[in-house]
Novice: 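Take this structure, written in structure tokens, and hold onto it; I'll ask about it next.
The sequence lines fix the lettering, A, B, ..., with proteins before strands; numbering per chain opens at 1. Given the structure is predicted, the values throughout are model-derived calculations rather than measurements.
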2 protein chains.
Amino acid sequence: MSASAAAALSAAMARIPPVPADPAGRELLARFYRALGDPTRLALLAFCAESERTGNECVVHAGLSQGRVSAHLGCLVSCGLLEVRRAGRFAYYQVTDPRVAELVGLGASMVADHAAGVAACARVASAP
Amino acid sequence: MSASAAAALSAAMARIPPVPADPAGRELLARFYRALGDPTRLALLAFCAESERTGNECVVHAGLSQGRVSAHLGCLVSCGLLEVRRAGRFAYYQVTDPRVAELVGLGASMVADHAAGVAACARVASAP
DNA sequence: GTAAGGCATCTGGATATCCGAATGATAGCC
DNA sequence: GGCTATCATTCGGATATCCAGATGCCTTAC
């Protein structure tokens, strides 16, 4: 193969981040997906994707305690799924990264094809 | 955010399906992401993406008890992330859905941009 | 200066998930 | 038939995550 082709190949291999080979990297990636693995956080994500929302609006929308919603929002911001803009007493949350919508769309698409399996998957302990 | 990013975001969000409006659908989607939220399952996913693997190969690769690995593989199959082909005593696992690679690539890409935040996000209880 | 509102953090209890080990079920080999 | 290998399921314990409520800090209004 030509030198340029080899360079293109290695560039392509480096561009796509696969599942990390080191345990720490995998733990990090798993943490990221767990951030998406809560229905309340998904609802907040969708809510803040429509338009910018204050913390209190999120509390009302989620119907949970203020402290819990604040922690959920902090988790989403920390993981890069949400951006926060602070102005005075208020904190405005919004989804800005288009990859979030892609992730959610892909997940929803796969769930649509395997709804029964996902519902049945108990990961270990199912019916009490 | 830039105009092009905003356009990409709204285009992706408008593409069906978004985050489900009903709580049951959100719980299902959250369950799906939790299936991706375990480092062992991510490692198995990457292992079975390279080529078809038997259950025992997965046990050796994961370095966990056979029963636990079997449960992890069952979870991945149930959620549509992995496909299983049974032949005699053996079960052959493989990643066939290209959306899995897209999901993992997107997640890894976002983690690469927010590694410190993801590591710091404890979702409730952090350092012991 | 004082009071009130918005947000983040801490505490303790309930639930979910992960783990190894043991057990059960089925297929291939002697 | 009997035996072993492969895979699935169950059991009890340890850890992580979620929740409501209370507390503290900062900003705005009076």
Novice: Which distance, rounded to the nearest 0.5 Å, do you find between the CZ of A/R85 and the OG1 of A/T54?
Specialist: 11.0 Å

Novice: For D/dC18 and A/H72 - does any side-chain N or O of the residue sit under 4.0 Å from the phosphate oxygens OP1/OP2?
Specialist: no

Novice: In whole angstrom, give the distance that lies between atom CG of B/L82 and atom P of D/dC7.
Specialist: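 After rounding, the reported distance stands at 13 Å.
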
Novice: Mind calculating the distance between CG (A/L36) and C1' (D/dC18) to the nearest angstrom?
Specialist: 17 Å

Novice: Each nucleotide in nucleotides 4-9 of chain C should get exactly one letter: B, S or -. Can you fill that in based on protein heavy atoms under 4.0 Å?
Specialist: -BSBBB

Novice: Within the distance-only criterion (no hydrogens, no angle test), does the side chain of A/R41 pair as donor or acceptor with the backbone N or O of A/R34 below 3.5 angstrom?
Specialist: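 Present.
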
Novice: In the hydrophobic clustering (ILVMFWY, side-chain contacts below 4.5 Å, transitive), which residues join A/F90, or is it alone?
Specialist: A/Y92

Novice: Any idea which heavy atoms bring A/L76 and A/A35 closest together, and the distance?
Specialist: CD2-O, 4.2 Å

Novice: Donor-acceptor pair, distance only, cut-off 3.5 Å: does the side chain of B/R53 make one with the backbone of B/Q94?
Specialist: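 No, B/R53 side chain to B/Q94 backbone: no donor-acceptor pair under 3.5 Å.
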
Novice: Checking B/R89 now: which residues fulfil salt bridge (Lys or Arg N to Asp or Glu O under 4.0 Å) with it, not counting sequence neighbours?
Specialist: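 Expected list: none.
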
Novice: Under 4.0 Å between a side-chain N or O of A/T40 and OP1 or OP2 of D/dC19?
Specialist: yes

Novice: Rounding to an integer number of Å, can you tell me how far B/R53 CZ sits from D/dC7 P?
Specialist: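 So the CZ-P distance, B/R53 to D/dC7, works out to 14 Å.
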
Novice: Without decimals, in angstroms, what is the distance between B/L76 CG and C/dC18 P?
Specialist: 10 Å

Novice: Can you check whether A/R34 has a side-chain N or O nearer than 4.0 Å to OP1 or OP2 of C/dT17?
Specialist: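 The answer is no; no side-chain N or O of A/R34 sits under 4.0 Å from OP1 or OP2.
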
